[in-house]
Structures are given as C-alpha cells and as structure tokens.
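Notes follow the structure.
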Amino acid sequence: MIKVSPSILAADFAHLMRDIQKVEHSAAMLHIDVMDGHFVPNISIGVPVVESINQNTDLFLDIHLMIERPQDYVEAFVKAGGDLICFHLEADCDPKEVIETIHSFGKKAAVALKPGTPAAAVKPYIKDLDMVLVMTVEPGFGGQSFLPQMMEKVSAVRSYAEELNPSMDIQVDGGINEQTAKTAVQAGANVLVAGSFVFRSEDPEECVRKLNRL
Ligand code: DX5
Ligand code: ZN
C-alpha cells in the first residue's frame, strides 16, 4: 500500500495548521524537515515547532533529520512528538547506536541516503530498520527536480528488503509529483514525500489522494 507524507517545508509557515488541516484526512503521515545549516546549507524547523504541531494534530509525525549529530537530538524530537525518526547515514554518528536509541523510545527508525551514497551502504542496517529513505534530490531545499538515476538505488534497497526485512518501508523524497511518483513506485518505493506538489497546489487534499491512488 502507498503511504503519502506531505512535506510541510512547502507549506505557509505563517498559516501552518491551516495547511496541515488540508491534508489531515488524506495523508498517512506528515513529513517534517529538520535542517541545521551544517549537514545541509539551510536551516528550517526545530523541536518547538514539532511540539506545537503534535499538540494540534493526530497525524503520524515523520521527522527527517538533516543534521550533523543526530544522536544528540533523538530524545528531544521523540519527546516533541516524533513517531518516526529518520537520520542520514552520512551524518557524524554510529548508525547502529542511533537506531538503537530511537527504538529504545519505542519509535520507528529510518536511515536516509543522499544521492551520492550507494545502496550497499545501508545493507548492514536493513534488518533493524523500519524504513529507508532514498533521496531523489540533494537534501536541503524544496522545489528541486527529481533525479531518475536514483531509481536503481530504490530497486536495490527493495531487493535487500525482500531478502532481509520484507515489511520495511522505502520512502522517496524530492521532486515527487504524479509522474515521478509513478516511476518511484514502479522501482519499489511505497512511501511518497511530496512538498511543492501538495502545498503549492490549489487543492492539497486532492493531490494527496492522487498519490494514494497510485
Ligand atoms: C529536501 C527535503 C524534502 C523537501 C521536498 O531536502 O527533504 O522533504 O521538502 O520538497 P519537494 O517535494 O518540493 O521536492
Ligand atoms: Zn525531507
């Protein structure tokens, strides 16, 4: 089954709850991009915003950490209401330790791969993960074009999952719209992050429904 995770990076931050409410009935989860200005050259949302969102919605919160030291912030984002914590394999951390910390709080753990990181890098962790995020743009900014070359990586991660952890989710993030989502699903993705396609449209709810139907 396809799950859609609208990325609030493309929402209107001055009317954040209004925008979140537009997708509350159609989305499976809500994607929240956390950037520290070091791991990626941009700064976005932090702990207090996640806390406020959590107090105002029942949506499952999918936290995408684009930060240099994920280990230091897992607890804060869990306490703020994160249901799934995704960190980058390229960050300064011991991935096994970070996964264990996330699971020790009873939350779902995911690892993200930048476009330059090969699928093989995540293989040792597949057994322990709830999800792998294959980035389909360079992390840091919304509104970029989908990188079709990443589809081979999605297929490789799907074959690792079939062998080692069949219930694991595979997420794609970056440049997702109706067409690129179709390509990603065919390659083996089942969780679709979409920012601009959803929140920069006239009808965010219908955009999520279009992706749900794929
Ligand atoms: C980029 C973020 C994405 C971003 C996607 O670093 O991880 O979640 O919001 O935005 P679109 O869907 O506009 O490419
Ligand atoms: Zn993201």
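Given the structure is predicted, the values throughout are model-derived calculations rather than measurements. Remember, it's 1-based here, ligands and their atoms both numbered in the order they're listed.
The single protein non-hydrogen atom nearest to atom 13 (O) of ligand 1 is Ser196 OG, 2.4 Å, given as residue, atom name and distance. The single protein non-hydrogen atom nearest to atom 14 (O) of ligand 1 is Gly175 N, 2.8 Å, given as residue, atom name and distance. Distance from atom 5 (C) of ligand 1 to its nearest protein heavy atom, with residue and atom name: Asp173 OD1, 3.5 Å. With respect to atom 10 (O) of ligand 1, the closest heavy atom belonging to the protein is Gly142 CA, 3.6 Å. The single protein non-hydrogen atom nearest to atom 12 (O) of ligand 1 is Gly195 N, 2.8 Å, given as residue, atom name and distance. Closest to atom 6 (O) of ligand 1 among all protein heavy atoms lies Gly140 N, 2.7 Å. Protein heavy atom at the shortest distance from atom 11 (P) of ligand 1 is Gly143 N, 3.7 Å.
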Only distances under 3.5 Å count here; give the side-chain donor-acceptor pairs of residues 117-124 to other protein atoms, sequence neighbours excluded, each with its distance to 0.1 Å.
| residue | atom | partner | partner atom | Å |
| --- | --- | --- | --- | --- |
| Thr117 | OG1 | Glu90 | OE2 | 2.6 |

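Between the CG atom in Asp169 and the CE atom in Met1 there is a gap of 9.0 Å [rounded to 0.5 Å].
Geometry at the Zn ion (ligand 2): OD1/Asp33 and OD2/Asp173 form an angle of 170°, nearest 10 degrees. Draw a line from the Zn ion (ligand 2) to NE2 of His31 and another to ND1 of His64, and the angle between them is 100° (to 10°).
Close approach to Ala194 involves these atoms of ligand 1, each under 4.0 Å from a residue heavy atom: 12 (O). Heavy-atom contacts of His64 reach the following atoms of ligand 1: 7 (O) (cutoff under 4.0 Å). When each atom of ligand 1 is checked for a heavy atom of Pro139 under 4.0 Å away, the hits are 6 (O). Within the listing of ligand 1, atoms 8 (O) sit less than 4.0 angstrom from a heavy atom of His31. The atoms of ligand 1 that sit less than 4.0 Å from any heavy atom of Leu9 are 9 (O).
Between Glu100 and Lys107, none of the side-chain N atoms (NZ, or NE/NH1/NH2) sits under 4.0 Å from a carboxylate O, so this pair counts as no salt bridge.
With hydrogens and angles ignored, the 3.5 Å screen pairs no side-chain donor or acceptor of Thr136 with any backbone N or O of Phe146. When atom types are taken as modelled, the side chain of Gln144 and the backbone of Val137 share no donor-acceptor pair closer than 3.5 angstrom. When atom types are taken as modelled, the side chain of Lys153 and the backbone of Pro115 share a donor-acceptor pair closer than 3.5 angstrom.
The shortest N or O to N or O distance between Val193 and ligand 1 is not under 3.5 Å. Considering both main-chain and side-chain atoms, Met66 never comes within under 3.5 Å of ligand 1 through any nitrogen or oxygen pair. Not a single N or O atom of Gly174, backbone or side chain, sits closer than 3.5 Å to an N or O atom of ligand 1. Between Asp33 and ligand 1, a contact under 3.5 Å exists for at least one N or O pair.
Residues Asp62 and Ser5 bring a donor and an acceptor atom of their side chains to less than 3.5 Å of each other.
The side-chain heavy atoms of Val193 and Ile176, taken from C-beta on, include no pair separated by under 4.5 Å. Side-chain contact between Leu113 and Leu133 is absent, with no heavy-atom pair separated by less than 4.5 Å.
Heavy atoms of Phe141 found under 4.0 angstrom from ligand 1 belong exclusively to the backbone. Contacts with ligand 1 closer than 4.0 Å are made by side-chain heavy atoms of Ser7 only, the backbone lying farther away.
Other residues, nucleotides and ligands contribute only 12 or fewer heavy atoms inside 6.0 Å of the CD atom of Glu152. At most 12 heavy atoms of other shown residues, nucleotides or ligands fall within 6.0 angstrom of atom CG in Asp58.
Criterion: ILVMFWY side-chain heavy atoms under 4.5 Å apart, direct or through other members. Under it, Leu192 and Met29 are not part of a common hydrophobic cluster.
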